[in-house]
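Read through the structure below, which is laid out as structure tokens, and then see the notes.
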Amino acid sequence: MSIRTRFAPSPTGNVHIGNIRAAIYNWLFSRHEGGEFLLRIEDTDLERSTPAAVRTVLESLAWLGLDYDGEPLYQSTQREKHLEVAEQLLAKGAAYKEDKGGTGRGECVIFKMPGRDISFRDAVKGELSKKADDLKDFVIVRSDGSPVFHLGNVVDDITMGITHVIRGDDHVENTFKHLAMYEAIGAPPPVFAHLPMIVNAQGKPYSKRDGAAYVGEFREKGFLPEALFNSLALLGWSPGEDREVMTREEMVAAFTLDRVRSAPSQLDMTKLLWMNGEHLKRRGLDEIAAGCRAAMERKGQWRDDIAPAYFAAVVACMGERVKLFGDLGDQAGFFFDEDFPYDEKSVRKRLLKEGALDILREEQAVLEALEPFTTESTDAALHALAETTGRGMGELVHPLRVAVSGTGVGPGLFDMLAVMGKERVMRRIRRTLDAYGG
RNA sequence: GACCCCAUCGUCUAGAGGUCAGGACACCAGGUUUUCAUCCUGGUAACACGGGUUCGAUUCCCGUUGGGGUCGCCA
């Protein structure tokens, strides 16, 4: 029989990385096994389950490339079936009605636990068991007639033909209840696999306070979906070789549940950033440019007078300095702004140093006469100047860098000059001289 | 508190009854370079503790400690 997994989020407006990691594992497992991956929207909490919240779930899945088979099943449409099963359980004597706690709220339907120990073999945690005394009866239909999570969850998994339930650690206790329900209903239970949580440095569940906890936040920060996917997949699972940077296909080929660890793990932002850089290298310059532009637009850094060719050249020039799409706008803004700010420290250290402005004037003269104006020609011209004046390249490079970019860090100077072009460079030198040349 | 789960470098992890306990990120040092980033080379760094079992345990068992999860007419 072909395997079938599902992702069953309750739309709350955000998709937590722990949840999406569960989705990734379900997806990886089903694709590896050649089975199906289904989506169920647990939208019975009408308060929170707005269309916008559902859209967030769908967008997160799409962004990460987690394609699901068939149409999503909306749990709210299954209410009648849930209640029907509750009636059957009542008829079988596997459930009973009671005004629980005598609250006067009316009778609810309570599932009766079988009164014996329950155990099962978790695909990642191994043998798990629970004493009968620790298993209490629980409500499956509220006194207002609405089905409770446990009922809907189990019934839906049965109707969807789910063979493997891969979910968060926080569901292990529920599993004993669910197993009892499968038996009472007379349906074969699926294989259960419980994933450890993603925690922060304090060992607590990872939250927005720890950096970013929702898929949307990583997207906004400019992370690549394949990098987030890769990193999350590796949090708790490893292919068993010293392989880390992998494509989706490679992970599908290597993924097995028995290689999933049962200990919680921390998400390391620094390593995620590195991972992002690795995947960025594997994308084309065009894609990187598009991503950078989108990030700049989001942050209000984009300006319509930026020529596409110039923008592309800047992206190429920045190269691996861009680890995140957002980096370009943050680190290379001076390329696009003629009124770029001067970094005070760099000015003091490189421009106001003894003789630095005189050198800049010499460079101004040399560059003014230079034709053509390329990486090679500017490089050669300044080396020649260094030679004739007996100065070190550092003395020439630093003031000029600050003069054209306002900062002491950035791409190679000559690449920068060539990308900016003669006219822009000369204008910037004049501006600098006007500002600091006295 | 009760029940359940977990425990290898700072972090993510590999690993086997006998290994120099491997890799990656980060970090440090050196090299390349006009800065930064990259790149190359090298380095620091771990089996939580205590008992067993065993010729031999980091690995198997028990306990301790520490951490986490669950104890709703939420999902």
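No experiment lies behind these values; they were computed from the predicted model shown. By convention in this document, chain letters (A, B, ...) are assigned in the order of the sequence lines, proteins followed by strands, and residues within each chain are numbered from 1.
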Is there a residue in residues 153-160 of chain A whose heavy atoms reach under 4.0 Å of RNA chain B, and which residues are they? none
Residues A:Arg282 and A:Glu287 bridged, charged N to O under 4.0 Å: no
Give a yes or no on whether a salt bridge exists between A:Asp169 and A:Lys125, defined as a side-chain N under 4.0 angstrom from a carboxylate O. yes
Quick one: which protein N/O atoms are closer than 3.5 Å to N/O atoms of nucleotides 38-43 of chain B? Pair and distance per line, please.
residue	atom	partner	partner atom	Å
B:U38	O3'	A:Glu320	OE1	3.4
B:U38	O2'	A:Glu320	OE1	2.6

Nearest-Å distance once atom [atom1] is located in both [N] and [M]:
{"N": "B:G15", "M": "B:C20", "atom1": "C1'", "value": "14 Å"}
{"N": "B:C49", "M": "B:U38", "atom1": "P", "value": "36 Å"}
{"N": "B:G17", "M": "B:A75", "atom1": "C1'", "value": "45 Å"}
{"N": "B:U54", "M": "B:G18", "atom1": "C1'", "value": "12 Å"}

Can you see whether A:Phe192 has A:Arg121 sitting over its ring - NZ or CZ less than 6.0 Å from the centre and within 45° of the normal? no
Can you pull every protein N or O that's under 3.5 Å from an N or O on nucleotides 57-60 of chain B?
none

Write down the distance between CG (A:Leu234) and C1' (B:A14), rounded to a whole number of angstrom. 12 Å
Quick one: are [X] and [Y] in side-chain contact, heavy atoms under 4.5 Å?
{"X": "A:Pro411", "Y": "A:Met318", "value": "yes"}
{"X": "A:His16", "Y": "A:Arg21", "value": "no"}
{"X": "A:Leu400", "Y": "A:Leu396", "value": "no"}

Pick base, sugar-phosphate or nothing for A:Leu382, based on heavy-atom distances below 4.0 Å to the nucleic acid. nothing
At under 4.0 Å between heavy atoms, what does A:Arg259 touch on the DNA or RNA strands: base, sugar-phosphate, or nothing? sugar-phosphate
By nearest heavy atom, map A:Pro147 and A:Gly240 onto RNA chain B; which one lands nearer the 5' end? A:Gly240
Residues forming a ring-ring contact (aromatic ring centres under 6.0 Å, His included) with [X], sequence neighbours excluded:
{"X": "A:Phe336", "answer": "A:Tyr310, A:Phe311"}
{"X": "A:Phe111", "answer": "A:Phe138"}
{"X": "A:Phe334", "answer": "none"}

So which nucleotide does B:A48 pair with, by the Watson-Crick or G-U wobble rule with both distances under 3.5 Å? B:U64
Taking a pair as Watson-Crick or G-U wobble with both distances under 3.5 Å, which nucleotide is matched to B:U53? none
The single option from A:Phe218, A:Tyr25, A:Phe223, A:Trp27 passing ring-ring contact (aromatic ring centres under 6.0 Å, His included) against A:Phe229: A:Trp27
Could you pull out the closest heavy-atom pair between A:Leu235 and A:Ser265, with the gap in Å? CD2-OG, 3.8 Å
Going 5' to 3' along nucleotides 64-73 of chain B, which nucleotides have protein heavy atoms under 4.0 Å from the base (write B), which only from the sugar-phosphate (write S), and which from neither (write -)? ----SBSS-B
Going by salt bridge (Lys or Arg N to Asp or Glu O under 4.0 Å), name the residues that satisfy it together with A:Asp157, two or more places apart in sequence or in a different chain. A:Arg6, A:Arg40
Just jot down the salt bridge (Lys or Arg N to Asp or Glu O under 4.0 Å) partners of A:Asp45, sequence neighbours excluded, or say none. A:Arg48
What pairs of nitrogen or oxygen atoms, one from the protein and one from nucleotides 20-25 of chain B, lie under 3.5 Å apart?
residue	atom	partner	partner atom	Å
B:G22	N2	A:Asp242	OD1	3.3
B:G23	O4'	A:Asp242	OD2	3.4
B:G23	N2	A:Glu244	OE2	3.4
B:A24	O4'	A:Glu244	OE1	3.2
B:A24	O2'	A:Glu244	OE1	2.4
B:A24	N3	A:Lys271	NZ	2.9

If you draw a 6.0 Å radius around CD in A:Glu71, do more than 12 non-hydrogen atoms from other residues or ligands fall strictly inside? no
Pairs meeting criterion side chain to side chain donor-acceptor pair (under 3.5 Å) with involvement of residues 312-337 of chain A, two or more places apart: A:Lys299-A:Asp330, A:Gln301-A:Asp330
Tell me if a side-chain donor or acceptor on A:Ser346 pairs with a main-chain N or O of A:Thr407 at a distance below 3.5 Å. no
Distances under 3.5 Å between nitrogen or oxygen atoms of protein and nucleotides 32-34 of chain B:
residue	atom	partner	partner atom	Å
B:U34	O2'	A:His398	NE2	3.2
B:U34	O2	A:Arg401	NH2	3.0
B:U34	N3	A:Leu413	N	3.2
B:U34	O4	A:Leu413	N	3.3

Counting just side-chain N and O atoms, does A:Arg261 come under 4.0 Å of either OP1 or OP2 of B:A7? no
OP1 or OP2 of B:C5 under 4.0 Å from side-chain N/O of A:Ser262: no
Using the ring of each side chain (for Trp, its six-membered ring), is A:Phe149 parallel, tilted or perpendicular to A:His178, with breaks at 30° and 60°? tilted
Counting side-chain heavy atoms from C-beta on, which of B:A2, B:U35, B:A14 comes nearest to A:Asp134? B:A2
